[in-house]
Participant: 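Take this structure, written in structure tokens, and hold onto it; I'll ask about it next.
Order of the sequence lines fixes the chain letters, A, B, ..., with proteins taken first and strands second; residue numbering starts at 1 for each chain. Side chains are part of it too, since the values below use all heavy atoms of this structure and drop only hydrogens, waters and symmetry mates.
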Amino acid sequence: MSKPSLARGTRDFGPEIMAKRTYILDTIKFVFKKFGFLPLETPAIENLSVLMGKYGDEGDQLLFKILNSGDFLKKVKPGDLEEGTKTVLPKVAEKGLRYDLTVPFARFVAMNRHDLAMPFKRFQVQPVWRADRPQRGRYREFYQCDADVVGTDSLLCEAEIILMLHEVFGALQLKDFTVKMNNRKVLTGIAEAIGAPGRESELCVAIDKLDKIGKEKVEAELSERGFENSSIANLQTLFSLTDDIHETVATLKDWLKDSGIGQKGIEEIEEVLELVNGFGLENPKLMFDATLARGLSYYTGAIFEVKANGVQIGSISGGGRYDNLTGTFGLPDLSGVGISFGVDRIYDVLDELNLFPEDASQSTRVLLINFDSESQKACLPILSKLRSAGIASELYPTDAKLKKQFDYANKKGIPFVLVVGSEEIKMQKYSLKNMATGDQNHYTLDEIIQQINA
RNA sequence: GAGGUUGUAGCUCAGCUGGUUAGAGCACCUGAUUGUGGUUCAGGGGGUCGUGGGUUCGAACCCCAUCUUCCUCCCCA
């Protein structure tokens, strides 16, 4: 007999945690559906040919590969081993676990292009796997919760994403959050404006750390990376931006007036703002942050990130627009925009702020006590009636000691206990005990249903 | 992938320079109360000290390896 253990970087979700996670996911899915997104699930296992080469060299390393079934060494020839992993891997593994939801989605779109109503809006909530080194908040198995629209470059999608973010976090009672927005084209424009065209990736890696390490260190890093002093001096405009969205737009318009692409980016942001305004969104928690640079390797337009204020935690949601999603699967020129919710982080935020509703973990409302076969028999029709009335109820399955049965109700947080003994059966009135107050009285079944539903 | 860190009862942790039978709180079980939980009281069970080697008369404690935990970097959700 060996001690059981979890595989590294994986977790169990017990009933209590599941109740809270389900609450979060149900809220998000409800909003997705309300905005016309359709559900999609794809297999945990994909062919490695679908997954490899999509996430860079590092990504290929982090893919979980599945050993071929049967004699997995069949195709390996003597001598292959000396050639190393690159030679042996394709001969022993043809499948792997999905690394994210975007690539399987792209595969699905490419395979079903003729059947899909374009633009195609889908949401997908499934676990993904990465052979990463686990840390707090980083696991080898975790859920992604994505919604994307492909097949249109309409900025209406961007506006609707902003709306969905507000609806989701509003519904979760999270009052203090900020939706940060930027545009890849603005970043490209900034690189041009400071005389370092084409180097926005490098620029952004440094700028992105601004709120973490401060202006001086960012400047030092840029200098190290070989940016001219004049370029760095030119960035002062960026460091002096305020939270006021209209002011920022005006400042950038002037700063980037010589960059066509930069202007385009600002125009896109203005149009999105106008659309959001058109929806009549009340009290928008929207900010234009020109230093926001996440996922630069594939985002081409809008970039989003949501921060929970007052909680020491990274972003709780992020997304953006990308071009050519399905290009590697033979379907070019398909633009898409998507948003992803960080379920684990949202869980931590709600937990820390105590925002989970009381009844999120409540299941059974009433427990029927079992004395003997006689009372058990009497309980059956009562159970059925309670359940027909929509009351989650259960009968303790054995005639264990009352203490044990009451303990069970206690531990499960069941608010009512119904005692059905010989006295009660005779009277056709049963003892209903409120576990919180300790009150206990005899009621008819109809009265009991009323009491429990009250 | 690089560096550091952690592991003792179901859980949280004590355990002296290496020295007899490894402790506590909580949880669990039994009884006080054979038709009533949460409180109280009395009693009880539970540990190959992460695992495998080594040093030693003797190892929870020292050494090596390995797994695990957490942290920093890289990268990311």
Side-chain angles (χ1 to χ4, degrees), chain A residues 1-11 14 24 55-63 85 98-102 124-146 201 205 208-209 212-213 293-299 304-307 313-320 338-349 366-372 374-375 396 399-427 430-442:
Chain A
M1 192 174 64
S2 64
K3 263 190 194 164
S5 63
L6 285 171
R8 179 168 210 205
T10 64
R11 299 161 290 171
I24 295 172
Y55 311 102
D57 285 348
E58 190 139 354
D60 286 354
Q61 281 263 304
L62 296 180
L63 280 171
T85 317
R98 79 167 93 80
Y99 181 88
D100 70 359
L101 300 180
T102 309
Q124 190 169 359
V125 181
Q126 288 188 277
V128 303
W129 294 269
R130 296 184 187 178
D132 209 351
R133 169 171 278 191
Q135 279 179 38
R136 193 227 297 276
R138 288 176 68 169
Y139 303 93
R140 289 183 146 182
E141 178 185 65
F142 61 94
Y143 276 74
Q144 285 194 336
C145 182
D146 287 12
S201 299
V205 170
D208 200 40
K209 298 177 185 163
K212 211 172 171 185
I213 62 176
R294 54 169 283 140
L296 208 68
S297 49
Y298 49 96
Y299 288 143
F304 300 109
E305 186 167 290
V306 181
K307 181 96 185 53
I313 203 161
S315 67
I316 52 177
S317 181
I339 190 72
S340 181
F341 287 86
V343 185
D344 291 305
R345 282 187 178 174
I346 293 172
Y347 183 100
D348 289 343
V349 169
V366 57
L367 175 76
L368 275 61
I369 291 286
N370 195 328
F371 282 100
D372 47 38
E374 201 60 30
S375 86
Y396 198 89
D399 57 352
K401 291 199 170 135
L402 290 202
K403 176 176 164 54
K404 193 158 195 170
Q405 301 191 43
F406 272 85
D407 259 343
Y408 175 82
N410 234 14
K411 214 170 293 177
K412 257 185 109 168
I414 299 173
F416 294 99
V417 166
L418 194 64
V419 180
V420 184
S422 49
E423 303 268 311
E424 286 86 351
I425 297 172
K426 227 177 284 168
M427 285 194 295
Y430 313 98
S431 301
L432 184 70
K433 178 159 188 171
N434 182 322
M435 293 297 278
T437 63
D439 295 341
Q440 181 169 340
N441 283 300
H442 290 276

Participant: Nearest heavy atom decides the nucleotide; on that basis, is A/Q440 or A/R133 closer to the 5' end of RNA chain B?
Facilitator: A/R133
Participant: Send over the distance from A/R98 CZ to B/A77 C1', rounded to a whole Å.
Facilitator: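 Nearest whole value for this atom pair: 15 Å.
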Participant: By the 4.0 Å heavy-atom rule, please label A/D407 as base, sugar-phosphate, or nothing.
Facilitator: sugar-phosphate
Participant: Applying a 4.0 Å non-hydrogen cut-off, can you work out what A/G421 is touching in the nucleic acid: base, sugar-phosphate, or nothing?
Facilitator: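 Base, at least one base atom sits under 4.0 Å.
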Participant: Within the pair A/K411 and B/C28, is there a side-chain N or O less than 4.0 Å away from OP1 or OP2?
Facilitator: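 Checking B/C28 against A/K411, a side-chain N or O does come within under 4.0 Å of OP1 or OP2.
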Participant: So, do A/F142 and B/A77 meet the stacking rule of ring centres under 5.5 Å and planes under 30°?
Facilitator: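 It does: the ring sits over the base of B/A77.
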Participant: Considering only the P atoms, how many Å lie between B/U55 and B/C64, rounded to the nearest integer?
Facilitator: 15 Å
Participant: Let me confirm one number: the CD1-OH distance from A/I24 to A/Y347, rounded to the nearest 0.5 Å.
Facilitator: 7.5 Å
Participant: Record whether the side chain of A/R138 comes under 3.5 Å of the base of B/C75 through a donor-acceptor pair of N or O atoms.
Facilitator: yes
Participant: Using purine N1 to pyrimidine N3 plus N6-O4 or O6-N4 for Watson-Crick, or N1-O2 and O6-N3 for G-U wobble, each under 3.5 Å, what pairs with B/C26?
Facilitator: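 The base-pairing partner of B/C26, which may sit in any strand shown, is B/G10.
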Participant: Just call it for A/E423: base, sugar-phosphate, or nothing, with non-hydrogen atoms closer than 4.0 Å on any strand.
Facilitator: base
Participant: To the nearest Å, give me how far apart CG (A/N441) and P (B/U36) are.
Facilitator: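 After rounding, the reported distance stands at 17 Å.
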Participant: Flag the pair A/F416 / A/N434 as yes when at least one side-chain heavy-atom distance between them is below 4.5 Å, and no otherwise.
Facilitator: yes
Participant: Using the P atom as the reference point in each nucleotide, state the distance between B/G15 and B/U68 in Å, no decimals.
Facilitator: 27 Å
Participant: Please state how far atom CG in A/L402 lies from atom P in B/U36, giving the value in whole angstrom units.
Facilitator: 6 Å
Participant: Under 4.0 Å: is that the gap between some side-chain N or O of A/R136 and OP1 or OP2 of B/C71?
Facilitator: yes
Participant: Determine the interplanar angle of the A/Y408 and A/Y396 rings, folded into 0 to 90°, and report it as parallel if under 30°, tilted if 30 to 60°, perpendicular if over 60°.
Facilitator: perpendicular
Participant: Hey, does the side chain of A/R130 come within less than 4.0 Å of B/C76's phosphate (OP1/OP2), counting only N and O?
Facilitator: no
Participant: Taking all non-hydrogen atoms of both residues into account, name the closest pair between A/V420 and A/S375 and its distance.
Facilitator: O-CB, 3.0 Å
Participant: Side-chain N or O of A/Q135 versus OP1/OP2 of B/U72: is the shortest distance under 4.0 Å?
Facilitator: yes
Participant: Would you measure the distance from the P atom in B/A9 across to the matching atom in B/A22 and give it in whole Å?
Facilitator: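 Between the two P atoms, the distance is 14 Å.
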Participant: For B/U39, what is the paired nucleotide under Watson-Crick or G-U wobble rules, both distances under 3.5 Å?
Facilitator: none
Participant: When we call it a touch if two heavy atoms are under 4.0 Å apart, what does A/G319 touch: a base, just sugar-phosphate, or nothing?
Facilitator: nothing
Participant: Rounded to whole angstrom units, what separation is found between the CD atom of A/Q124 and the P atom of B/A77?
Facilitator: 15 Å
Participant: Can you tell me, in whole Å, how much space there is between the P of B/U8 and that of B/A14?
Facilitator: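 Per the computed distance, 10 Å lies between those P atoms.
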Participant: Rounding to a whole Å, what distance do you find between A/L63:CG and B/A77:P?
Facilitator: 14 Å
Participant: Can you find a side-chain donor-acceptor pair between A/S431 and A/E424 that sits under 3.5 Å?
Facilitator: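 Looking only at side-chain atoms, A/E424 and A/S431 do form a donor-acceptor pair, the distance falling under 3.5 Å.
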Participant: What nucleic acid atoms does A/G137 come within less than 4.0 Å of, heavy atoms only: base, sugar-phosphate, or nothing?
Facilitator: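 Base contact.
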Participant: Take atom C1' in B/G4 and the same atom in B/U69, then report the distance between them in whole Å.
Facilitator: 13 Å
Participant: Check this one for me: any side-chain N or O of A/K401 less than 4.0 Å away from OP1 or OP2 of B/G31?
Facilitator: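 Yes, within the criterion.
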Participant: Going by side-chain hydrogen bond (donor to acceptor under 3.5 Å, both in side chains), A/Y55 matches just one of A/D100, A/D60, A/T102. Which one?
Facilitator: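 The single option meeting the side-chain hydrogen bond (donor to acceptor under 3.5 Å, both in side chains) with A/Y55 is A/D100.
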Participant: Could you give the distance separating B/C61 and B/U56 at their C1' atoms, to the nearest angstrom?
Facilitator: 13 Å
Participant: Given atom NZ of A/K307 and atom P of B/A77, what is their separation to the nearest angstrom?
Facilitator: 17 Å
Participant: Within this structure, what is the OH-to-P distance between A/Y139 and B/U69, rounded to whole angstrom?
Facilitator: 11 Å
Participant: Taking only the P atom of each, what is the distance from B/C13 to B/A59 in whole angstrom?
Facilitator: 28 Å
Participant: Rounded off to whole Å, could you give me the CG-to-C1' distance for the A/L6 and B/G7 pair?
Facilitator: 16 Å
Participant: I'd like to know if A/K433 reaches the base of B/U36 with its side chain such that a donor and an acceptor end up less than 3.5 angstrom apart.
Facilitator: yes
Participant: For A/R11, is there an ion pair with A/D344 - N to carboxylate O distance below 4.0 angstrom?
Facilitator: yes
Participant: Quick one: are A/I369 and A/F406 in side-chain contact, heavy atoms under 4.5 Å?
Facilitator: yes
Participant: Distance between the P atoms of B/C67 and B/A60, in whole angstroms?
Facilitator: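 Going atom to atom, P in each nucleotide, I get 24 Å.
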Participant: OP1 or OP2 of B/C29 less than 4.0 angstrom from a side-chain nitrogen or oxygen of A/K404, does that happen here?
Facilitator: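 No, because none of the side-chain N or O atoms of A/K404 sits under 4.0 Å from OP1 or OP2 of B/C29.
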Participant: Would you mind classifying the nucleic acid contact of A/G438 as base, sugar-phosphate or nothing, using non-hydrogen atoms under 4.0 angstrom?
Facilitator: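 Contact class for A/G438: base.
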Participant: Using the closest heavy atom to pick a nucleotide of RNA chain B for each, name whichever of A/S422 or A/A7 lands nearer the 5' end.
Facilitator: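 Its nucleotide being nearer the 5' end, the pick is A/S422.
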